[in-house]
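Report on the following structure.
Sequence positions, counted from 1, serve as the residue numbers for this chain.
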Amino acid sequence: MAPINQVQDNMNRYDVIVIGGGHAGCEAALASARMGCATALITLEADKIALMPCNPAIGGVGKGHIVREIDALGGEMAKVIDETGIQFRLLNSSKGPAVHGYRAQADKHQYKNAMRRVLENTANLELLFEEVDELIFENNEVRGIRTASGLEFQCDSIVITTGTFLNGRIHIGLDSRPAGRVGEKPSTKLSQSFLAAGFELGRLKTGTPPRLKRDSIDFSRCVVQEGDVIPRPFSFSTSHIERKQVPCHITATNEKTAEVIRNNIDRSPLYSGIIEGVGPRYCPSIEDKVIKFPDKKSHNIFLEPEGLDTDWIYPNGISTSMDEDVQQQLVRTITGLENAEIVLPGYAVEYDFVPPTQLMPSLETKRVSGLFHAGQINGTSGYEEAAGQGLMAGINAALKSQKRKPFLLTRMDSYIGVLIDDLVTKGTQEPYRMFTSRAEYRLILRQDNADQRLMGKGYELGLVSGELYNHCMEKYNAVEREIQRLEATTVAPNPDNLTRLSKLGIHELRNATTLNVLLRRPEVKHDELLRAFEGEEVPQLVGEQVEIRIKYEGFIARQNQLVEKQKKLEHCRIPESFKYEGVSGLSHEVAQKLEAIRPVTLGQASRISGITPSAISLIMLLLEKNREYS
């Protein structure tokens, strides 16, 4: 690569440069700046910062866990959705706490404006509106960037968060054109920087549904979906939500919809061979749903408002890249949408990504020191997955500039750790989406205890205030005190107590029993137990933690035991100089995989596809032998 021109002053010098103003870029830039690094966020347009080009919502099962973890570490997404959300719901509330998930419909215009205000008012952070043409490396180390206007900026670390813009191309029917999003030009030259540096590139695809005009929809023919009566905030620093809440609505496709698609499938870029990128398996287009699942006669559609001051409705469930006239036909086959007007057609977008096995767990690339990737460039989908990576990449880019050790999360302490470990260890062949099923320790990685798990780490990094951290500690001290009180309080089976217990659904008690044992019963709630036995009132969030801890005590203990066993492998680090080729007992295929991934620990090595337990045992013996004789 060409060397960067030397600048006489520091006007063009930053510690960290973040490229891209999406959800990953915002979190990366804020983290870096808040950790004291001179940071530049470079993006094309001010008005597109933190834009929601697809579903205008934050959270969901698994995804909501990530948002809560971002907040516990000192990120911004949770605070902004609390400020701008227009419908809040707790998903899976009838199931166990491990799979509960917060979700909020966003006012997408207010969301991006609120995030932009935060960026503009953050010390050490400068917003630059330029197109980056080239990454400048020297001896496989970051030196800076060069823009399309010829400006050059030096830095210690770069965070790439280009989303769908990297060599992006959108498709509407058989019409195809270069674009990162509809109406926005792609980044076409950055891909060349990656190829020139020796990176492998891949190609992925995502898409959106058409947007509909609110007044053209007959909502009376749809099912109303209200939010929670008492909205639950995402952020641990938000006490309550006071914003106006609005309903969503549910309708569904039918056989007529499927017929329109089947009759026009030759005009679909997905089925005519125009689109080469792999799309998201868990969020397929309506074309894929109809063709791949012919036995399913109906697919739900969620009509979601894009904001309080816009008449655009997002029909979640009919992502499509069919021709505009076909989109109009299929929309009007749907109940309530017979006269619906499309204000923006749906489309598919293809883009380059850098397969994430080329990254270390810090999200720094193995090939170029000081270069970090976050978001869709790593093969993920979703605002939440992008923001979680952006936060981690921004933290580690700042630590790199400050010559400090990287900050790592594992799959044992966070969903963000699960996400990153999956990416860097296993890679992905399709847009990666987070689910609770991906976390083997999900009972201890609940969204309700993200502050207990991670806020101390955020405080140590300087991203969480002392006041907020102390508040967190006080909360969990109160939880411990209440658990101890319940364990120490005995209920005797006298007539007065039996009357109280019958009101709780307990109609038989033969022996004296402590309150914590009574709370283990599924029909007993903590607040009801307090009222029945005149216990001292505790805050709702404390009571919820007490109830979860006691009801799931045995399951939590077993998961903690598994975590302790896994930690032994995670703490066994593999030196960078370790040579797998030529190790007696390792097959050529296993050695090649280990050389390609270069796992940091035995734990990471054990999760690489095709790496057998015997191979892990052999490497462990070699490591112990080397330490013995070193």
Side-chain angles (χ1 to χ4, degrees), residues 26-28 30-36 58-59 62-83 97-98 100-102 118 122 232-240 384 387-396 398-399 404-420 434 439 441-483 538-546 548-549 556 559-560 563:
C26 290
E27 296 291 353
L30 287 170
S32 171
R34 289 166 173 170
M35 290 174 66
I58 295 294
K63 290 170 173 283
H65 289 68
I66 293 176
V67 180
R68 297 276 277 175
E69 291 178 352
I70 290 168
D71 186 69
L73 287 167
E76 201 65 27
M77 176 174 269
K79 297 180 182 67
V80 176
I81 188 59
D82 284 350
E83 180 184 341
H100 288 174
Y102 289 3
V118 173
T122 297
R232 291 174 176 251
F234 274 90
S235 176
F236 293 101
S237 61
T238 304
S239 59
H240 58 280
E384 304 83 0
Q389 294 170 72
L391 176 67
M392 293 298 291
I395 289 170
N396 283 313
L399 292 173
R404 295 160 62 190
K405 291 182 179 179
F407 171 65
L408 305 178
L409 291 176
T410 74
R411 61 190 310 116
M412 296 175 293
D413 55 33
S414 63
Y415 271 79
I416 295 175
V418 172
L419 165 67
I420 293 174
M434 179 52 70
Y441 308 114
R442 55 186 170 274
L443 188 55
I444 59 177
L445 301 183
R446 306 182 310 275
Q447 51 84 27
D448 60 83
N449 70 352
D451 55 343
Q452 183 182 28
R453 291 184 280 114
L454 298 175
M455 197 167 282
K457 300 178 188 292
Y459 175 67
E460 291 173 0
L461 289 164
L463 296 174
V464 171
S465 70
E467 180 183 2
L468 184 58
Y469 178 58
N470 289 335
H471 181 72
C472 171
M473 296 301 294
E474 290 169 7
K475 169 184 167 183
Y476 285 98
N477 287 337
V479 171
E480 295 298 333
R481 288 194 300 270
E482 177 62 5
I483 290 175
V538 299
Q540 179 187 354
L541 294 178
V542 170
E544 289 176 356
Q545 288 297 304
V546 169
I548 290 170
R549 288 267 299 276
I556 291 172
Q559 286 216 344
N560 281 325
V563 165

Working for side chain to side chain contact (heavy atoms under 4.5 Å, CB included), residues E384 and V67: CA-CA 6 Å; E384 304 83 0; V67 180; 3.5 Å; yes

Any V542 side-chain heavy atom under 4.5 Å of K475 side chain: yes

4.5 Å side-chain heavy-atom contact, M434 and I66: yes

S32 side chain to A28 backbone, donor-acceptor under 3.5 Å: no

Close side-chain approach of Y476 and E480, heavy atoms under 4.5 Å: no

Side-chain donor or acceptor of D82 paired with backbone N/O of S235 under 3.5 Å: yes

Interatomic distance, Y415 atom OH to E69 atom CD [nearest 0.5 angstrom]: 8.0 Å

salt_bridge(E76, R34) N-O dist < 4.0 Å: yes

Criterion side chain to side chain contact (heavy atoms under 4.5 Å, CB included) on L399 and F407, from CA distance to verdict: CA-CA 8 Å; L399 292 173; F407 171 65; 3.7 Å; yes

Main-chain N/O of L409 paired with D413 side-chain donor or acceptor, under 3.5 Å: no

Distance-only side-chain donor-acceptor flag, Q545 / N449, under 3.5 Å: no

Pair R232 + E544, salt bridge at N-O below 4.0 Å: yes

F236 six-ring centre to R68 NZ/CZ under 6.0 Å and within 45° of normal: yes

Basic-acidic side-chain contact under 4.0 Å: R481, E474: no

Over 12 foreign heavy atoms within 6.0 Å of OH, Y459: no

M412 side, atom CE; Y441 side, atom OH - distance, nearest 0.5 Å: 6.5 Å

